[in-house]
Structure formats: C-alpha cells, structure tokens
Trainee: 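Below is a structure I'd like to ask you about.
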Amino acid sequence: MEVPALLTPDTFTPILKKLISTPDKFGADDSRLAFHHLLRPSSATPDQIGSFLTALHLTRVDQQSDVLAAAAAVLHHHAVRLKVEGVEEDFVVDIVGTGGDGWNTFNVSTTAAIVAAGAGARLLKHGNKASTSKSGSADLLRALSCPLVPLSPIYTPGATCDNLHPVSALTRPLPRIPFQFLLATDYHPALSLVAPLRRMLPFRTIFNILGPLVNPARPQGIVVGVAEPWLGPVFARAIREGGVKRGLVVCGKERLDELSCAGETDAWQLHESGEIASLTLHPRMFGLPTHPLCAVSGGDAEENAQIFERLLNPSFKKDTIPEELKPILDFVLINAGALLVVSGIAKDWKHGADLARESALGGMAWEALVKFREAGEQALKEVQPSSS
C-alpha cells in the first residue's frame with residue numbers, strides 16, 4: 001500500500017471513522033496508513049490521535065498480529081537507519097519484555113542479554129528507561145557506568161531524513177562487539193510527537209507493546225516476554241511477519257513478562273520454517289530449581305547494579321555468592337539459556353543454562369559488559385568536541 005504524499009487531519013478522519021464504525025474490517029493497510037499519520041508532524045490533531053489510541057484499545061484491534069506488524073513496520077520506516085558491523089555474518093538477537101506485569105523483578109532481561117553475549121551470542125538490545133518498574137535497561141546500564149552514546153546516526157538539527165525529521169551526519173557503524181544497547185528514544189525520535197498524548201491516557205496503549213517489535217537493528221532472533229497470555233500467539237505471529245527467523249515468546253504463569261523461575265511458563269516458539277509451536281517451559285528443563293518471585297525482586301538502578309556486579313564481576317569470588325542472590329542467578333540463567341537456544345548456540349534448554357552459567361561465573365559476561373562500556377567511552381570522546 002502506497003502512502004499518499006500529503007497526509008492531513010482530513011485524510012486521517014476516514015481512517016478513524018472506519019476503526020470506530022467497523023473495527024472488524026480494520027486491517028494491516030489501515031494500520032499502516034494510520035501510523036504514518038501519527039508519526040508525521042501535523043498529519044493528525046491531538047484529539048484525533050487520542051481518539052484513535054482509545055478506539056484501538058476499546059475495540060481490541062491492537063490485539064491483531066497484522067495490525068501490530070504493520071504499525072511496527074511504520075515505526076521502522078521513521079526510525080534512524082543503523083549501520084552495524086558484521087551484521088551479515090552474525091545472527092543478531094535481542095531479549096525484551098513488554099513490561100506492565102507489576103512484579104518489579106530484577107533486571108533479568110538486560111543481565112541475561114549480557115550473559116548470553118559472554119557465551120557467544122551477538123546482542124543488539126533495544127530498551128529504554130524505567131516506565132512501569134524502578135529500574136529499566138537504560139537505568140541499570142548507566143548505574144554500571146556505561147555511557148549510552150548512539151554510535152550510529154542520531155537525529156539533530158540539520159539535514160532531513162525522508163523530509164520528516166532532522167538527522168546528523170554521524171555515521172560510524174555499531175562496532176562488532178558481543179553486546180550493544182540501543183536506547184529507544186535515540187532511534188525513534190518520531191515517537192516524541194505522541195509521547196505527551198500517551199501520558200495523558202489512563203491505559204497502556206499499543207505503543208507500550210510495540211517496543212519489542214521495533215528494534216532498529218532488526219534482529220534475526222528474539223526472546224519476547226509478554227504479561228498477558230493472550231498476547232503470546234499474537235506476538236509470535238507478529239515477529240514472524242516482521243522478519244524474525246527464530247523466536248520465543250514467553251509468559252510466566254504469574255503473568256510475568258519473563259521466563260519464570262517460580263514454575264511454569266507458557267511459550268510460543270517460532271522456528272525457521274515459519275512454524276509456531278506452543279509449549280510449556282519449567283526451570284527443571286534448564287536443570288535448575290524453582291524460586292518464588294519474591295526472591296528475585298529488584299530495587300532501584302543502583303541496587304540492581306550492585307547485584308549485577310556481585311553476580312558477574314570476577315573480582316568477587318563466585319564460590320561465595322550469597323544464598324539470597326542464588327535465586328536471581330538462576331532466574332538469569334533460565335532466560336539467558338533460552339536466548340542461547342534461539343541464537344542457535346545451545347542445543348537445548350539445559351545446554352543453554354549450562355553455557356550461561358559458564359559465562360556468568362567464568363567472567364565472560366563481565367568482559368562483554370566492559371567492551372560495551374569501553375565502546376561507549378570511546379564514542380563519547382569522539383562526539384564531545386563537536387558538541388562543545
């Protein structure tokens with residue numbers, strides 16, 4: 001579907017009317033056109049945008065995989081174009097949750113990503129600051145003294161990209177290191193147009209669940225955590241439609257948007273053939289015991305950074321990990337193990353957890369973090385003179 005060159009509130013009106021009058025007929029093409037309006041300046045009024053997001057929520061059209069995939073494609077279109085070293089040779093992966101589960105657990109997906117990177121996976125993690133928890137991915141990494149400096153093009157006053165948003169001339173590619181973090185606000189500047197309206201709405205909108213689908217690095221493999229089981233098959237189809245080759249969508253039985261360390265996790269596995277298989281995972285399949293979720297609660301970013309260092313920094317003796325931190329370690333190993341299966345590095349769930357343990361306790365995970373920190377420090381040196 002081609003997008004008209006001129007998008008205005010008048011051209012948005014019939015899209016909104018269709019959603020409200022005949023939501024059962026609202027499909028991918030409608031979603032695509034609507035989101036182009038939302039992300040182009042002055043193409044829809046604030047009242048129209050608020051009405052559209054509310055109608056999506058009330059009609060549950062935002063639960064359709066084709067609508068989600070189409071919206072994600074538009075966000076990719078408006079995102080910063082990345083340059084990534086070695087992307088053709090490596091199988092790039094991500095691990096991310098939709099948030100909103102209310103459990104406020106330790107930063108397991110970020111830690112699991114770094115542990116998997118230490119075990120040989122190529123991680124380009126997409127994330128943000130805390131929204132529904134005390135500590136988001138960006139908060140934890142900053143507390144670990146990692147500068148979050150965009151290493152690929154970032155939007156600044158200057159030339160235009162697609163005649164929509166200004167873009168800088170910084171084009172150094174992301175270096176080929178095991179772990180990288182992409183701060184969502186750096187790579188999706190168009191979202192600033194709708195951010196104030198989203199904050200005014202008393203419910204989580206479609207943008208809250210689009211995050212896992214819009215990593216600008218377009219990973220080939222991904223582990224996605226969802227907080228509601230009905231989202232599982234929806235997301236599995238959406239990541240397939242978005243071009244992911246291998247994936248795993250998970251929802252802990254406690255409505256946890258991670259693989260649960262407390263018991264069973266509902267999962268939907270996307271195979272390279274395109275087949276989606278439903279399965280139930282359990283810590284014993286990773287060779288690990290169960291732990292109640294209260295044992296893996298998180299604190300603020302500084303507290304979680306201290307736990308991260310105690311688990312992964314080689315300066316601490318790993319044979320003396322405090323008993324109270326062992327549940328968090330197992331929680332991380334389960335999620336990192338699953339990611340290593342999706343990456344193709346581990347042959348099964350237990351093998352994945354074993355490789356993750358070796359990375360965590362053997363210092364490889366910490367080395368992956370240090371390489372990321374050093375790359376950020378180098379990038380900071382390069383951009384500081386031009387910004388002074």
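Heavy atoms only: backbone and side chains are in, while hydrogens, waters and symmetry mates are out. Note that the coordinates shown come from a computational prediction; the quantities given were computed from them, not determined experimentally.
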Trainee: Given side chain to side chain donor-acceptor pair (under 3.5 Å), test S109 with E258 step by step and report yes or no.
Mentor: CA-CA 8 Å; S109 64; E258 319 277 2; 4.5 Å; no
Trainee: Could you check whether the rings of F372 and F179 sit parallel, tilted or perpendicular, using 30° and 60° as the cut-offs?
Mentor: perpendicular
Trainee: So D300 and S135, do their side chains get closer than 4.5 Å, heavy atoms only?
Mentor: no
Trainee: Looking only at atom types and distance, does a side-chain atom of S343 sit under 3.5 Å from a main-chain N or O of I345, one as donor and one as acceptor?
Mentor: no
Trainee: Are the ring centres of F106 and F308 closer than 6.0 Å?
Mentor: no
Trainee: Apply side chain to side chain donor-acceptor pair (under 3.5 Å) to T45 and D47, showing your working.
Mentor: CA-CA 5 Å; T45 68; D47 287 345; 5.4 Å; no
Trainee: Report the C-alpha separation of E377 and R373 in whole Å, then their side-chain angles, then the decisive distance to 0.1 Å, and conclude whether the salt bridge (charged side-chain N to carboxylate O under 4.0 Å, His left out) test is met.
Mentor: CA-CA 6 Å; E377 291 170 346; R373 180 192 290 159; 5.1 Å; no
Trainee: Just by distance, no angles: are the side chains of T205 and H57 close enough, under 3.5 Å, to form a donor-acceptor pair?
Mentor: no
Trainee: Keeping N335 on the side-chain end and F331 on the backbone end, is there a donor-acceptor pair under 3.5 Å?
Mentor: yes
Trainee: Is there a path of hydrophobic side-chain contacts, each under 4.5 Å between heavy atoms of I/L/V/M/F/W/Y residues, joining V370 to L141?
Mentor: yes
Trainee: Are R246 and F91 in a cation-pi setup, meaning NZ or CZ lies under 6.0 angstrom from the ring centre and within 45 degrees of the ring axis?
Mentor: yes
Trainee: Tell me if the CH2 atom of W103 is crowded by more than 12 foreign heavy atoms within 6.0 Å.
Mentor: no
Trainee: Taking 4.0 angstrom as the limit, do E323 and K326 come out as a salt bridge?
Mentor: yes
Trainee: Counting only heavy atoms from other residues, nucleotides and ligands, does the tally under 6.0 Å from CZ of R284 exceed 12?
Mentor: no
Trainee: Find the distance between CE (M285) and OG1 (T280) and round it off to the nearest 0.5 Å.
Mentor: 8.0 Å
Trainee: Are L340 and L312 in one and the same hydrophobic cluster, where Ile, Leu, Val, Met, Phe, Trp and Tyr link if side-chain heavy atoms are under 4.5 Å apart?
Mentor: no
Trainee: Backbone N or O of L7 within a donor-acceptor pair of the S43 side chain at under 3.5 Å?
Mentor: yes
Trainee: Would you say the side chain of L213 lies within less than 4.5 Å of the side chain of L68, judging by non-hydrogen atoms?
Mentor: yes
Trainee: Does some side-chain heavy atom of C261 sit less than 4.5 Å from a side-chain heavy atom of D330?
Mentor: no
Trainee: Can you find a heavy atom in the side chain of L191 that is under 4.5 Å from one in the side chain of L39?
Mentor: yes
Trainee: Same cluster or not: L56 versus L201, using hydrophobic residues (I, L, V, M, F, W, Y) connected whenever any side-chain heavy atoms lie under 4.5 Å apart?
Mentor: yes
Trainee: Does V234 belong to the same Ile/Leu/Val/Met/Phe/Trp/Tyr cluster as F203, with side-chain heavy atoms less than 4.5 Å apart forming each link?
Mentor: yes
Trainee: Whether D354 and K350 form a salt bridge (side-chain N of Lys/Arg under 4.0 Å from carboxylate O of Asp/Glu) is what I want to check.
Mentor: yes
Trainee: Between E241 and R237, is the closest basic N to carboxylate O distance under 4.0 Å?
Mentor: no
Trainee: So with a 6.0 Å cut-off around CD of E358, is the heavy-atom count from everything else above 12?
Mentor: no
Trainee: Going by atom types alone, do H36 and H78 pair a side-chain donor with an acceptor below 3.5 Å?
Mentor: yes
Trainee: Where the side chain of T265 meets the backbone of S260, is there a donor-acceptor pair that is under 3.5 Å apart?
Mentor: yes
Trainee: Checking the side chain of K245 only, and the main-chain atoms of G221 only, is there a donor and an acceptor separated by less than 3.5 Å?
Mentor: no
Trainee: Answer whether the closest heavy-atom distance between the side chains of L248 and W268 falls below 4.5 Å.
Mentor: no
